Amino acid sequence: MLTPIPVLDKAREVTIPADPLKVYQHDDDLLLDTEITSDALDSPVIADEFSLGADNAIGGTSTTWLAQTFTTDGSGYVILGIRLMLYRTSTIGTITVAIRATDANGHPTGADLVSATIDGSVTEAIQTESSGDFYDFMFASGYALAPATKYAIVLRVSSGTVYWRYNSAGSYAGGNREHSTNSGGSWTTYASHDYLFQTIKTEMGDVEPFPAVPAVGDGLYVGRASQFDTVRLWVNRQGLGSFTIAAKYYNGSSWMALPLTGSGDQIFSYKRTGCRWLSFIRPADWAVFTVDGNALYWVKFEVTSYSSLTQMPKLGNVSIGAYA
């Protein structure tokens, strides 16, 4: 039997606050346009990439640094972030991903031109399955890359080992895998290997899912006039702090935990960057609820525990999927 594929219709299901059928709602200050921007409708534009066919992985540490070189097109562009396919097998520290120049031999050289981090010590931050997943490292501000120029994506971690998936017969023409065992002091080229990566040149939005100081019961609502089966969102910036969220639905009298399918909860309390899914079975008692004058079927991402928020998560490109 073929499994039906949910249809994600961004144009119809994701709207900006000026639309009376808006899909996003905060349960505080619902009508503030600054809460949800038109940028949040956009998918990222990928400039350079090699993102298929991973068949192996190499571990990076505080002294074993990993790198992938890439070459910009004839126009160059402003890079806003990097997406890498990673996993871990044990506790790790802060992962740093940077852009560096390359020397005449194509090796990374010099200081970081721009960098971003993910706190890998957060349990939910990086998965442990060796299949890996794509994680986004978004820079605080963009960096202008020169046209037709080779750069290097450099990965290191403060403690433990993080694994970067690669293809041992990579076909990316603009660069290759690089390896250093002395914290970037010298590099070895693996010309036939390519790590899986993407460079991002447009942001995906900047929706903040909580008030500045969340409380239990706060949440982000995602709704539709008819019932649906999945919610997809991009976590552009990792949330940090002591808090948890849970997906809930309204049963006509109260908000209940949403029954999920298989590994349907990939939201991880917004503590894992990249594309995240929530898959669920439509509850038989799912009822319409009115939020800010909009009577819709809602999924509420509710704060279920809170004691601190040290970095506000940022979300983008929230979409709804409905099985045909």
Side-chain angles (χ1 to χ4, degrees), residues 39 42-58 60 64-86 95-118 132 134-156 164-205 234 236-237 273-275 316-317:
D39 288 341
D42 299 331
S43 294
V45 174
I46 303 303
D48 295 290
E49 67 176 324
F50 184 80
S51 55
L52 295 172
D55 60 10
N56 212 326
I58 294 291
T64 298
W65 292 11
L66 314 179
Q68 170 71 34
T69 55
F70 68 97
T71 304
T72 58
D73 60 20
S75 301
Y77 56 91
V78 174
I79 187 169
L80 297 182
I82 297 289
R83 183 174 297 161
L84 307 181
M85 181 173 275
L86 306 175
I95 308 166
T96 299
V97 171
I99 300 295
R100 291 192 172 189
T102 59
D103 61 21
N105 296 312
H107 301 313
T109 189
D112 296 345
L113 302 175
V114 64
S115 66
T117 61
I118 286 178
F134 278 109
Y135 297 93
D136 291 358
F137 294 78
M138 301 302 294
F139 305 134
S141 59
Y143 184 85
L145 300 181
T149 301
K150 180 176 283 189
Y151 293 91
I153 302 165
V154 178
L155 170 73
R156 67 240 192 207
W164 189 355
R165 298 272 285 163
Y166 72 91
N167 186 310
S168 57
S171 58
Y172 175 66
N176 53 263
R177 179 170 81 85
E178 297 275 328
H179 190 86
S180 172
T181 58
N182 56 3
S183 304
S186 60
W187 293 89
T188 300
T189 296
Y190 291 84
S192 63
H193 295 177
D194 288 301
Y195 286 113
L196 272 64
F197 77 96
Q198 293 178 324
T199 64
I200 299 170
K201 70 175 183 178
T202 63
E203 283 192 283
M204 294 169 286
W234 287 91
N236 295 341
R237 185 173 72 176
T273 65
C275 183
N317 192 245

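Because the structure is a prediction, the values reported are computed rather than measured. Side-chain atoms are counted along with the backbone in the values below, which use heavy atoms only and exclude waters and symmetry mates.
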Visitor: Of all the heavy-atom pairs spanning Trp187 and Ala67, show the shortest one and how long it is.
Guide: CZ3-CB, 3.6 Å
Visitor: So which atom in Gly175 and which in Asp194 form the shortest heavy-atom distance, rounded to 0.1 Å?
Guide: O-OD1, 3.2 Å
Visitor: Quick one: list whatever passes ring pair (Phe, Tyr, Trp, His ring centres under 6.0 Å) with Tyr172, sequence neighbours left out.
Guide: Phe197
Visitor: In chain order, what residues pass the side-chain hydrogen bond (donor to acceptor under 3.5 Å, both in side chains) check against Ser51, with sequence neighbours excluded?
Guide: Glu49
Visitor: For Arg237, what residues pass the side chain to side chain contact (heavy atoms under 4.5 Å, CB included) criterion, not counting sequence neighbours?
Guide: Gln311, Met312, Lys314
Visitor: Please list, one pair per line, the donor and acceptor atoms closer than 3.5 Å that link side chains of residues 137-153 to other protein atoms, with sequence neighbours excluded.
Guide:
from, atom 1, to, atom 2, distance (Å)
Thr149, OG1, Pro147, O, 2.7
Tyr151, OH, Ala146, N, 2.8

Visitor: Between Ser180 (side chain) and Gly184 (backbone), is there a donor-acceptor pair under 3.5 Å?
Guide: yes
Visitor: In chain order, what residues pass the side-chain hydrogen bond (donor to acceptor under 3.5 Å, both in side chains) check against Thr199, with sequence neighbours excluded?
Guide: Tyr77
Visitor: If you take all heavy atoms of Asp48 and Thr71, which pair is closest and at what distance?
Guide: OD1-O, 3.2 Å
Visitor: Mind checking side chain to side chain contact (heavy atoms under 4.5 Å, CB included) for Ser168 and listing every partner two or more places apart, or none if nothing turns up?
Guide: Asp55, Tyr166, His193
Visitor: Applying side-chain hydrogen bond (donor to acceptor under 3.5 Å, both in side chains), can you list everything that pairs with Thr189, at least two apart in sequence or on another chain?
Guide: His107, Glu178
Visitor: Taking side chain to side chain contact (heavy atoms under 4.5 Å, CB included) as the test, write out the residues that go with Asp112, two or more places apart.
Guide: Ala98, Arg100, Ser115, Arg156
Visitor: Would you please name every residue forming a ring pair (Phe, Tyr, Trp, His ring centres under 6.0 Å) with Trp164, sequence neighbours left out?
Guide: Tyr195
Visitor: Taking atom CZ of Phe50 and atom CG of Asn176, what is their separation to the nearest 0.5 Å?
Guide: 11.5 Å
